[in-house]
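Note sheet for the following structure.
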Amino acid sequence: MHIDLHAHSRVSDGTSTPTELMVEAAAAGLDVVALTDHDSTAGWDEAAEAVPGTRVALLRGAEISCTAGGISVHLLAYLHDPDHAGLTAELERSRISRDGRARAMVELLAEDYDLSWDDVVAQAGSGATLGRPHIADALVAAGVVPDRTAAFASILAPSSRYYVRYHAPDAVDAVRLVREAGGVPVFAHPRASARGRVVADTVVQQMADAGLAGLEVAHRDHTDDQREQLRRLAGDLGLFVTGSSDYHGVGKPNRLGEETTDREVLETIEEQGRLAVVRP
Ligand code: AMP
Ligand code: ZN
Ligand code: FE
Ligand code: FE
């Protein structure tokens with residue numbers, strides 16, 4: 001069984017539609033893929049329709065933007081009720097804040113570069129959760145940088161004068177909310193330090209006390225040492241471990257299935273989650 005539990009579509013900052021993602025998952029030899037767009041479940045239905053044709057099972061999820069004392073935390077939520085009032089309100093708040101943040105960044109960038117808000121909107125799927133990758137794509141289209149990675153390393157980095165923050169819920173609160181919504185919360189790339197500061201073990205402990213189910217250990221942004229430390233931490237806290245690609249289509253080098261999750265862990269997620277995996 002080849003199981004990849006972290007992938008993005010054009011509903012957030014991936015470059016494939018949910019249907020294309022399912023086709024690509026089949027081509028990559030996956031048996032199960034999770035669609036985990038940032039702060040949105042809007043791609044679930046389209047992806048589910050592609051299950052019979054692709055013969056790839058779909059785990060419905062989302063990657064929730066959170067903060068812990070000013071440090072960015074990404075929380076994967078699996079198989080939760082997409083209509084839970086508390087959770088949908090938080091996700092909507094984050095999407096609105098991301099929208100204002102992207103506009104603020106474009107205003108700053110427009111002082112120095114030939115870039116407009118329409119250029120950024122043109123790069124995103126309609127209703128997509130907006131992020132820096134869309135601004136990066138507009139900068140690529142304008143010939144300012146060669147690709148997304150170059151943009152993230154310079155103009156769009158957190159240390160850049162064009163960087164603007166956005167509102168996101170507290171990570172411990174978000175863990176509780178995901179459980180309330182019947183979902184299974186997993187801490188995404190907890191040690192990915194290339195993206196900025198990472199949280200201390202004490203924060204992971206607090207998240208575990210609030211109902212965290214697992215840690216995403218096998219991820220290309222983690223070194224072997226970090227994976228070893230995370231495996232030990234997961235063992236100490238009684239959490240399961242996952243591995244996934246964090247696929248973003250052509251926007252990032254991550255390939256579907258480059259890291260995978262054990263079948264037993266998928267079974268645990270399905271036992272704990274309110275929804276079922278959509279099977280062919
Ligand atoms: P944001 O959520 O708007 O702050 O942007 C962060 C998103 O950009 C994350 O989902 C990352 O996966 C994505 N990202 C980060 N670094 C890169 C990169 N070098 N190339 C493409 N996408 C990236
Ligand atoms: Zn992303
Ligand atoms: Fe992430
Ligand atoms: Fe992601």
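As the structure lists them, so they are numbered: ligands from 1, and atoms in each ligand from 1. The structure displayed is predicted, hence computed values, not measured ones. Heavy atoms only: backbone and side chains are in, while hydrogens, waters and symmetry mates are out.
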For [X] and [Y], does a side-chain donor sit closer than 3.5 Å to a side-chain acceptor?
X: His38; Y: Asp13; result: yes
X: Ser65; Y: Asp39; result: yes
X: Glu49; Y: Thr19; result: no

Does the side chain of His6 come within less than 4.5 Å of His74's, by heavy atoms?
no
Decide yes or no for Pro253 and Arg220: does some side-chain heavy atom of the first lie under 4.5 Å from some side-chain heavy atom of the second?
yes
State whether Arg10 and Glu46 are salt-bridged, where the test is any N-O pair (Lys NZ or Arg NE/NH1/NH2 against Asp/Glu carboxylate O) under 4.0 Å.
no
If you measure from the Lys or Arg side-chain nitrogens to the Asp or Glu carboxylate oxygens, is any gap between Arg195 and Asp246 under 4.0 Å?
yes
Please report the shortest heavy-atom distance between [X] and [Y], naming the atom on each side.
X: Leu212; Y: Leu239; answer: O-CD2, 3.1 Å
X: Glu259; Y: Asp4; answer: O-CG, 4.2 Å
X: Ser160; Y: Ser154; answer: CB-O, 3.6 Å
X: Glu216; Y: His222; answer: O-CE1, 3.2 Å

Any atoms of ligand 1 less than 4.0 Å from a non-hydrogen atom of [X]? List them with their elements.
X: Gly251; result: 20 (N), 21 (C)
X: Gly131; result: 3 (O)
X: Thr149; result: 19 (N), 20 (N)

Could you tell me if any non-hydrogen atom of [X] lies under 4.0 Å from any atom of ligand 1?
X: Arg101; result: yes
X: His74; result: no
X: His8; result: no

Checking contacts here: is it the side chain or the backbone of [X] that comes within 4.0 Å of ligand 1, counting heavy atoms only? Could be both or neither.
X: Asp13; value: side chain
X: Arg98; value: side chain
X: Lys252; value: side chain

Geometric N/O contact Tyr163 with ligand 1, under 3.5 angstrom:
no
Arg197 side chain to Ile71 backbone, donor-acceptor under 3.5 Å
no
With no hydrogens and no angle check, is any side-chain donor or acceptor of His84 less than 3.5 Å from a backbone partner on Asp81?
no
In sequence, state the C-alpha distance, the side-chain angles, and the governing distance for Arg232 and Asp236, and then conclude on salt bridge (charged side-chain N to carboxylate O under 4.0 Å, His left out).
CA-CA 6 Å; Arg232 216 173 305 132; Asp236 290 347; over 6 Å; no
Can you count the protein N, O or S atoms that lie less than 2.8 Å from the Fe ion (ligand 3)?
3
Chi angles and distances behind the ring-ring contact (aromatic ring centres under 6.0 Å, His included) call for Trp44, His80:
CA-CA 12 Å; Trp44 283 11; His80 59 279; 5.2 Å; yes
When you measure from [atom] to every protein heavy atom, which one gives the shortest distance, and what is it?
atom: atom 15 (C) of ligand 1; answer: Phe152 CE2, 3.4 Å
atom: atom 6 (C) of ligand 1; answer: Arg132 NH2, 3.6 Å
atom: atom 10 (O) of ligand 1; answer: His38 NE2, 2.7 Å

If you count the non-hydrogen atoms of other residues, nucleotides and ligands that lie under 6.0 Å from CG in Asp114, is the total more than 12?
no
Anything protein N, O or S sitting under 2.8 Å from the Zn ion (ligand 2): count it and give me the total.
4
